[in-house]
Amino acid sequence: MNVLEQTENTLKQEIAAAVIKASLATEEELPAIILEKPKDKAHGDFASNIAMQLARIAKKAPRQIADDIVANLDQTKASIEKVEIAGPGFINFFMKNDFLGEIIPTILEAGENYGKTNAGNGERVQVEFVSVNPTGDLHLGHARNAAFGDVLCNVLTAAGYQVEREYYINDAGNQIDNLGLSVEARYFQELGEDVQMPEDGYHGQAIIDIAKKIVAEHGNEWTFKEKSERLAFFKEFGLKTSLENIEKDLKDFRVEFDSWFSERSLYKNEKITDALNTLEEGNFTYEKDGAMWFKTTDLGDDKDRVLIKQDGSYTYLTPDIAYHKNKLDRGFDQIINVWGADHHGYIPRMRAAIQALGYPVEKFDVKIIQMVNLFEGGEKVKMSKRTGKAVSLRELMEEVGVDAVRYYFVTRSNDSQLDFDMDLARSQSNDNPIFYVQYAHARICTMLEQAKNKGFADGGEVDASLLTAEKELDLLKKLGEFPQTVADAAEKHTPHKVTQYVFDLATLLHSFYNAEKVLDSENPERTNARIALMKAVRLTLANAMGLIGVTAPEKM
RNA sequence: GUCCCAGUAGCUCAGCUGGAUAGAGCAACAGCCUUCUAAGCUGUGGGUCGCAGGUUCGAAUCCUGCCUGGGACGCCA
């Protein structure tokens with residue numbers, strides 16, 4: 001717990017005590033004390049709406065209640081500077097600023113650990129994300145999924161959860177057969193033969209590259225082999241190559257997984273029949289039209305789903321149920337799936353499956369990543385996996401840069417669609433918010449460098465009471481909020497709160513920088529305190545950027 | 001037709017476990033570089049929070065209905 005939380009908790013306890021003491025409510029009647037941080041500084045450091053909440057219980061006017069509470073409040077204990085009653089009955093607390101002095105030493109001592117908490121209590125969370133079919137390259141939409149998932153994992157880890165990142169490889173279904181057929185067609189085309197691509201084949205450049213690679217390594221030898229033998233080879237070759245490419249792209253995007261889970265392993269280890277047995281035992285299945293159905297309508301879905309088709313093969317859902325059973329069997333407290341918006345209709349049946357398997361549905365959460373609209377030359381570019389017309393993650397990284405792409409995707413809430421302007425991103429102009437944040441970090445580095453060169457004292461006792469300028473106090477308060485912001489983002493699965501935070505902190509820094517001079521030989525004591533403040537800001541910026549997975553440059 | 005997401009400033013978006021005068025970036029306008037990096041700062045203008053009801057001391061936030069945009073509704077994956 002940091003100083004800010006301590007102050008807040010003490011205040012809450014004192015308010016509760018005052019309410020009881022003023023006989024406004026009994027301990028049982030007392031609602032949870034909520035302290036909010038007012039947007040307007042004129043409303044103090046904390047504000048409580050307790051008087052309004054108690055109006056009904058105490059049968060008194062809110063402002064009267066507020067008066068009673070304030071009269072019974074031990075202001076010394078809660079280190080309150082001033083209390084005001086305002087508006088319909090808000091109690092505004094202005095805190096003594098001495099607690100702010102502890103923030104700098106706390107941060108400097110914690111170093112790169114500042115921001116970490118144990119909010120998650122070591123709970124085990126598995127996050128499955130990206131999980132793109134190995135039939136082509138990663139594109140723009142996948143990049144958003146990857147950035148979101150990765151930052152979510154970073155944030156969860158910082159907040160004290162035990163996190164495992166997993167990629168589910170769909171290496172067993174129809175799409176892999178199509179991959180084989182697509183590679184075959186491209187292979188013959190490479191050799192100059194007029195062969196049509198299959199109707200539902202994969203038209204991306206990646207498949208052409210795979211065919212070229214086969215030609216380079218094997219020449220035309222596969223034209224003489226049996227078709228089944230050839231397809232089997234092309235399938236495996238395509239799968240292996242695609243996965244290598246995907247893994248490489250993700251690694252360069254700074255996303256690495258703890259485990260890559262193969263769908264095939266579910267077949268091999270009879271996990272699918274296990275899962276089906278569990279569903280049958282629970283009476284969740286029935287036969288109809290020569291197929292086996294799953295009664296998901298009993299569990300909140302709008303129609304029942306086929307598990308085993310007439311031809312005896314599984315639908316996509318079936319191994320996926322087995323996969324989720326396997327995840328839960330591994331003992332995670334939470335499993336989070338990050339899916340594209342086009343899969344949202346799949347949620348009810350998966351939730352049904354979790355319940356049918358006998359697990360609490362609360363353990364299962366799906367984060368839907370809304371579509372990314374690509375704009376280029378002022379026009380919306382239609383993306384299509386089928387025709388392969390999409391901007392690849394590789395191109396994005398090369399043209400825009402990893403920092404900018406990651407930051408941009410985690411600036412917005414996952415359930416808002418967003419427009420990605422390729423020209424703007426490419427332009428590397430200062431419109432790009434990542435530079436704003438990085439610049440704040442680089443600025444501080446320059447100051448600290450100057451401090452060293454000019455021989456200002458480094459370290460030693462810092463007298464934080466010398467930091468009295470408004471912008472200094474703003475910075476200190478913001479710095480103190482960081483651990484709570486991270487914990488909040490983790491708990492609510494909203495990594496963009498961290499991006500929001502780092503931007504706000506950068507704003508305060510820039511504003512401070514323009515208003516006050518840090519290195520002042522006329523005032524060595526205050527300079528010393530300000531250098532310490534700058535170090536604390538730099539560390540916090542760097543830690544936050546680390547969570548987002550972007551670099552914190554020392555020079556720009 | 002059913003379901004999911006969105007609709008907030010000219011544009012892109014925050015804010016949504018209800019709280020005081022609704023925010024930021026970009027764009028527009030006016031200022032700030034002999035002083036630690038102007039990729040910065042300061043200020044101004046800009047809003048029926050899609051519409052209509054409801055819940056209550058109080059609604060951008062919760063509920064209902066409707067409108068608009070996007071997406072999903074397969075024995076594809």
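Here the structure is a predicted model, which means the values were calculated and not measured.
- Among the atoms of the strands shown, base atoms are found under 4.0 Å from some heavy atom of A:Asn49.
- Not less than 6.0 angstrom separates the ring centroid of A:His43 from the ring centroid of A:Phe90.
- Base contact: A:Ala47 has a heavy atom under 4.0 Å from a base atom.
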- Pair pattern of RNA chain B in dot-bracket, where unpaired bases get dots and | marks partners in another strand, Watson-Crick or G-U under 3.5 angstrom: ((((((((.[[[[.)...(...]]]].(((((.......))))).....[[[[[..)....]]]]])))))))....

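- Between A:Asn373 atom CG and B:C11 atom C1' there is a gap of 15 Å when expressed in whole angstrom units.
- Atom-to-atom, NE2 of A:His496 to C1' of B:C16 comes out at 11 Å; the value is rounded to the nearest Å.
- In this structure, A:Trp293 and A:Tyr286 have parallel ring planes: the angle between them is below the 30° cut-off, well short of the 60° mark.
- Between A:Gln450 and A:Met447 there is no side-chain heavy-atom pair separated by less than 4.5 Å.
- Nearest nucleotide to the A:Lys309 side chain, out of B:U21, B:A6, B:C76: B:C76.
- Looking at the side chain of A:Lys497, the nearest of the listed nucleotides B:C16, B:G19, B:A20 is B:C16.
- In this structure, A:Lys303 reaches the sugar-phosphate backbone alone: every heavy-atom distance under 4.0 Å involves primed, P, OP1 or OP2 atoms, never a base.
- Residue-to-nucleotide proximity on RNA chain B shows that, of A:Gln53 and A:Arg349, the 5′-proximal contact is made by A:Gln53.
- Rounded to the nearest 0.5 Å, atoms CD (A:Glu481) and CG (A:Asp488) are 11.0 Å apart.
- Following rounding to the nearest Å, A:Asp311 (CG) and B:C75 (C1') show an atom-to-atom distance of 8 Å.
- Using cut-offs of 30° and 60° for the angle between ring planes, the A:Tyr314 and A:Tyr267 rings count as tilted.
- A:His510 comes within 4.0 angstrom of sugar-phosphate atoms only, judged by non-hydrogen atoms across all strands, and of no base.
- One can place CD of A:Glu516 at 15 Å from P of B:C41, the figure rounded to the nearest angstrom.
- A:Phe364 approaches A:Val366 most closely through the heavy-atom pair CZ-CG2, 3.4 Å.
- For A:Val306, the listed nucleotide lying nearest its side chain is B:C75; candidates were B:A20, B:G70, B:C75.
- In this structure, the CD atom of A:Gln500 is 8 Å from the P atom of B:A14, given to the nearest Å.
- Contact check of residues 339-346 of chain A against RNA chain B (heavy atom, cut-off under 4.0 Å) returns A:Ala341, A:Asp342, A:His343, A:His344, A:Gly345, A:Tyr346.
- Residue pairs that meet the side-chain hydrogen bond (donor to acceptor under 3.5 Å, both in side chains) test with at least one member in residues 294-303 of chain A, sequence neighbours left out, are A:Thr296-A:Asp301, A:Thr297-A:Asp304, A:Asp301-A:Arg305, A:Asp302-A:Arg305.
- The salt bridge (Lys or Arg N to Asp or Glu O under 4.0 Å) test applied to A:Asp68 returns A:Lys60, not counting sequence neighbours.
- Across all strands shown, A:Ala86 has heavy atoms under 4.0 Å from base atoms, whether or not it also approaches the sugar-phosphate.
- Base orientation of B:C33: syn (glycosidic angle within 90° of 0).
- Remark: the separation of the P atoms in B:G65 and B:C26 is 41 Å, to the nearest Å.
- Using C1' as the reference atom, B:U42 and B:A59 are 35 Å apart when rounded to the nearest Å.
- Side chain to side chain, A:Tyr346 and A:Asp320 meet the donor-acceptor criterion of an N or O pair below 3.5 Å.
- Put simply, the side chain of A:Asn92 and the base of B:A20 share a donor and an acceptor less than 3.5 Å apart.
- In this structure, CD of A:Gln370 is placed 12 Å from P of B:C13, rounded to the nearest angstrom.
- One interatomic measurement links the two molecules: CG of A:Asn432 to P of B:G40, which rounds to 11 Å at whole-angstrom precision.
- Heavy atoms of A:Asp289 sit under 4.0 angstrom from at least one base atom.
- Between A:Ile368 and A:Lys471, the one whose closest nucleotide on RNA chain B sits nearer the 5' end is A:Ile368.
- The P atoms of B:C62 and B:G7 are separated by 11 Å, rounded to the nearest whole Å.
- Across all strands, A:Ile347 comes closer than 4.0 Å to no nucleic acid atom at all (heavy-atom distances).
- Between B:C49 and B:G15, the distance separating the two C1' atoms is 11 Å to the nearest Å.
- With sequence neighbours excluded, the residues satisfying side chain to side chain contact (heavy atoms under 4.5 Å, CB included) with A:Gln355 are A:Leu299, A:Arg351, A:Val361.
- Under the side chain to side chain contact (heavy atoms under 4.5 Å, CB included) criterion, A:Asn432 pairs with A:Ala404, A:Ile434, A:Phe435, not counting sequence neighbours.
- Not counting sequence neighbours, the partners of A:Asp423 by the side chain to side chain contact (heavy atoms under 4.5 Å, CB included) test are A:Glu376, A:Asp421, A:Arg426.
- A gap of 47 Å separates the P atoms of B:G31 and B:U68, to the nearest Å.
- In this structure, the CD atom of A:Gln417 is 8 Å from the C1' atom of B:G69, given to the nearest Å.
- Contacts between residues 445-454 of chain A and RNA chain B, defined by a heavy-atom separation below 4.0 Å, involve A:Thr446, A:Met447, A:Gln450, listed by number.
- Residues forming a side chain to side chain donor-acceptor pair (under 3.5 Å) with A:Tyr167 (at least two apart in sequence, or on another chain): none.
- Nearest nucleotide to the A:Phe90 side chain, out of B:A20, B:A77, B:C36: B:A20.
- Nearest to the side-chain atoms of A:Arg443 among the listed nucleotides B:A38, B:G19, B:C13 stands B:A38.
- Atom P of B:A60 sits at a distance of 10 Å from the matching atom of B:A22, rounded to the whole Å.
- For the P atoms, the distance from B:U21 to B:U61 is 16 Å, rounded to whole Å.
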- Query: Would A:Gln438 and A:Asp403 count as a side-chain hydrogen bond (donor to acceptor under 3.5 Å, both in side chains) if you check the C-alpha gap in whole Å, the side-chain angles of each, and the deciding distance to 0.1 Å?
  - Reply: CA-CA 10 Å; A:Gln438 290 182 323; A:Asp403 284 346; 3.0 Å; yes

- Sugar-phosphate or base contact per nucleotide [nucleotides 24-30 of chain B; S, B, -; heavy atom under 4.0 Å]: SSS----

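- Scanning for ring pair (Phe, Tyr, Trp, His ring centres under 6.0 Å) contacts around A:Phe129 gives A:Phe257, with sequence neighbours left out.
- When the side chain to side chain contact (heavy atoms under 4.5 Å, CB included) test is applied to A:Leu231, the partners found at least two apart in sequence or on another chain are A:Leu181, A:Glu184, A:Lys227.
- Remark: A:Glu516 engages A:Arg530 in a salt bridge, criterion side-chain N to carboxylate O under 4.0 Å.
- The side chain of A:Gln310 has B:C75 as its nearest neighbour among B:U42, B:C57, B:C75.
- The gap from the P atom of B:G18 to that of B:A52 amounts to 24 Å, rounded to the nearest Å.
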